[in-house]
A.B. asks: 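This is the structure, below, for whatever I ask next.
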Amino acid sequence: MQNESIETGVEAICKKGCREVRRDIQMLEQGETPPELSHLSKPAQQIILDELKIIMSVYGDNCRV
């Protein structure tokens with residue numbers, strides 16, 4: 001169940017697009033919670049943050065249009 005919630009959280013954030021994903025990463029790094037993840041525990045949010053960073057590392061520092 002926890003893995004499904006994490007996977008669903010990652011997918012929900014990624015569907016928002018590159019710039020929004022980067023904003024959500026910043027939010028999570030600052031201890032804030034994007035609405036899509038508000039139902040998850042802090043440890044689950046940390047796992048999602050780590051996953052998002054890995055995913056976004058493929059794109060470098062820029063979001064292409």
A.B. asks: Excluding sequence neighbours, so at least two apart, what forms side chain to side chain donor-acceptor pair (under 3.5 Å) with Thr33?
C.D. replies: Lys42, Gln45
A.B. asks: So, using side chain to side chain donor-acceptor pair (under 3.5 Å) as the criterion, who are the partners of Gln30 when residues are at least two apart?
C.D. replies: none
A.B. asks: Once rounded to the nearest 0.5 Å, what's the spacing between atom CD of Gln26 and atom CG of Leu49?
C.D. replies: 11.0 Å
A.B. asks: Applying salt bridge (Lys or Arg N to Asp or Glu O under 4.0 Å), name anything that partners Glu29, two or more places apart in sequence or on another chain.
C.D. replies: Lys53
A.B. asks: So do Ile13 and Ile25 actually touch side chain to side chain, heavy atoms under 4.5 Å?
C.D. replies: no
A.B. asks: Looking only at heavy atoms, which two atoms of Val21 and Cys14 are closest? And how far apart?
C.D. replies: CG2-CA, 3.7 Å
A.B. asks: Got a sec, which residues hit disulfide (SG to SG under 2.5 Å) with Cys18, two or more places apart in sequence or on another chain?
C.D. replies: Cys63
A.B. asks: What closest approach, in Å, do Gly9 and Leu37 show between heavy atoms, and which atom pair accounts for it?
C.D. replies: CA-CD2, 3.7 Å
A.B. asks: Just to verify, what does Gln46 make a side chain to side chain donor-acceptor pair (under 3.5 Å) with, not counting sequence neighbours?
C.D. replies: Asp50
A.B. asks: State yes or no: do Val58 and Ile54 share one hydrophobic cluster built from I, L, V, M, F, W and Y residues joined by side-chain heavy-atom distances below 4.5 Å, directly or via other members?
C.D. replies: no
A.B. asks: Working to the nearest 0.5 Å, report the span between CG of Leu52 and CD1 of Ile47.
C.D. replies: 12.0 Å
A.B. asks: Rounded to the nearest 0.5 Å, what separation is found between the CG atom of Leu28 and the CD1 atom of Ile48?
C.D. replies: 8.0 Å
A.B. asks: Suppose we screen for side chain to side chain donor-acceptor pair (under 3.5 Å). Which residues come up paired with Lys16, at least two apart in sequence or across chains?
C.D. replies: Asp24, Glu36
A.B. asks: Mind checking what makes salt bridge (Lys or Arg N to Asp or Glu O under 4.0 Å) contact with Arg23, not counting sequence neighbours?
C.D. replies: Glu20
A.B. asks: With sequence neighbours excluded, tell me which residues meet salt bridge (Lys or Arg N to Asp or Glu O under 4.0 Å) with Glu51.
C.D. replies: none
